[in-house]
Amino acid sequence: MTRDEEIGEYLSDIGWGKATVTPLPADFSTRKFARLVDRDGRTAILMNAAPDQKTREFVALAVLLRGIGLSAPQIYADRAADGIVVMEDFGDGTVGQMLDAGGVDAMPFYGRAVEVVVHLHRNFLTSATASLSLP
């Protein structure tokens, strides 16, 4: 079975088999991402990662960050051992794009970033992350 067939079978198993799959532009990661759009217009992001990409840790970290009140994609379904994750779609806009378009002051973004670092410092317990094997 090819990787595309494997992913297609998994998407069918979790109710996304009829979704339109649109690849997203690549970044410097070896992970591949695609937007799923179902018949009702719901969207999700499909992550396709190689087995060595620490997908289990990615999923665990998303759950942990959401658990301490930070924004991270909700994991709808995963087969982390195989590098397949279906998660919340945050849309196409980036902070950089908003700043480049003008009319948006950068200072609130920097202020918010500092608040997030402080929040992480206060809430990110080492014992909760021990199983993540993060560098």
Side-chain angles (χ1 to χ4, degrees):
M1 178 182 303
T2 68
R3 179 68 170 177
D4 287 342
E5 291 169 336
E6 178 184 3
I7 290 171
E9 185 177 284
Y10 180 67
L11 291 176
S12 291
D13 290 347
I14 62 169
W16 285 91
K18 303 279 186 194
T20 302
V21 180
T22 306
L24 295 174
D27 59 10
F28 294 105
S29 169
T30 58
R31 295 178 177 132
K32 296 178 187 173
F33 295 90
R35 177 166 285 118
L36 305 174
V37 181
D38 74 4
R39 292 180 178 174
D40 296 325
R42 292 181 311 144
T43 65
I45 297 296
L46 167 67
M47 182 176 78
N48 173 7
D52 65 345
Q53 291 299 300
K54 298 186 177 187
T55 304
R56 286 185 179 125
E57 291 85 352
F58 177 93
V59 170
L61 188 57
V63 170
L64 192 143
L65 290 172
R66 289 177 63 83
I68 63 170
L70 294 175
S71 182
Q74 180 179 351
I75 305 300
Y76 297 144
D78 74 86
R79 212 163 70 190
D82 296 322
I84 304 169
V85 179
V86 176
M87 65 186 124
E88 183 177 4
D89 181 359
F90 285 151
D92 290 321
T94 67
V95 172
Q97 290 169 337
M98 290 186 287
L99 293 172
D100 288 346
V104 177
D105 183 9
M107 290 313 294
F109 292 111
Y110 293 124
R112 184 68 179 130
V114 170
E115 290 172 10
V116 168
V117 171
V118 169
H119 186 81
L120 281 169
H121 179 73
R122 290 182 179 153
N123 296 283
F124 206 80
L125 302 177
T126 304
S127 61
T129 62
S131 65
L132 294 180
S133 302
L134 298 174

Could you check whether any side-chain heavy atom of Met87 comes within less than 4.5 Å of a side-chain heavy atom of Phe58, counting everything from C-beta outward? yes
Side chain to side chain contact (heavy atoms under 4.5 Å, CB included) against Thr2, all qualifying residues, sequence neighbours excluded: Asp4, Glu5
Please report the shortest heavy-atom distance between Thr55 and Gly83, naming the atom on each side. OG1-CA, 3.5 Å
Qualifying residues under side-chain hydrogen bond (donor to acceptor under 3.5 Å, both in side chains), relative to Thr30, sequence neighbours excluded: Gln53
Acceptor/donor pairs from residues 45-52 side chains to any protein atom, 3.5 angstrom cut, sequence neighbours excluded:
| residue | atom | partner | partner atom | Å |
| --- | --- | --- | --- | --- |
| Asn48 | OD1 | Arg3 | NE | 2.9 |
| Asn48 | OD1 | Arg3 | NH2 | 2.8 |

Side chain to side chain contact (heavy atoms under 4.5 Å, CB included), that's the test. Do Leu11 and Val86 meet it? Break it down for me. CA-CA 9 Å; Leu11 291 176; Val86 176; 3.8 Å; yes
Can you pull out every salt bridge (charged side-chain N to carboxylate O under 4.0 Å, His left out) where at least one residue sits in residues 11-24? Sequence neighbours excluded, please. none
Kindly give the heavy-atom pair with the smallest separation between Ala62 and Pro73, and that separation in Å. CB-O, 3.7 Å
Are Val116 and Leu65 in one and the same hydrophobic cluster, where Ile, Leu, Val, Met, Phe, Trp and Tyr link if side-chain heavy atoms are under 4.5 Å apart? yes
Report the distance from atom CD1 of Ile7 to atom CD1 of Ile84, rounding to the nearest 0.5 Å. 5.0 Å
Within residues 107-121 or reaching into it, pairs that qualify as side chain to side chain donor-acceptor pair (under 3.5 Å) - sequence neighbours excluded: Arg112-Glu115, His119-Asn123
Taking only residues two or more places apart in sequence, or in another chain, which ones meet Asp78 in a side chain to side chain contact (heavy atoms under 4.5 Å, CB included)? Val59, Ile75, Ala80, Val85
Residues which pass side-chain hydrogen bond (donor to acceptor under 3.5 Å, both in side chains) with Arg31, listed by chain and number, not counting sequence neighbours: none
Only pairs at least two apart or in different chains count here, so list each salt bridge (charged side-chain N to carboxylate O under 4.0 Å, His left out) that has a residue in residues 79-92. Glu6-Arg79, Arg35-Asp89, Arg35-Asp92, Arg66-Glu88, Arg79-Asp82
State yes or no: do Val63 and Leu70 share one hydrophobic cluster built from I, L, V, M, F, W and Y residues joined by side-chain heavy-atom distances below 4.5 Å, directly or via other members? no
Would you say Leu24 ends up clustered with Phe90 if hydrophobic residues are merged whenever their side chains have heavy atoms under 4.5 Å apart, either directly or through other cluster members? no
Share the residues that join Met1 in a hydrophobic cluster, the rule being Ile, Leu, Val, Met, Phe, Trp or Tyr side chains under 4.5 Å apart at the heavy-atom level. none
If two hydrophobic side chains count as joined below 4.5 Å and joins carry through other members, does Phe33 share a cluster with Val21? no
Here the pair of heavy atoms bringing Thr43 nearest to Tyr76 is O-CE1, 4.3 Å
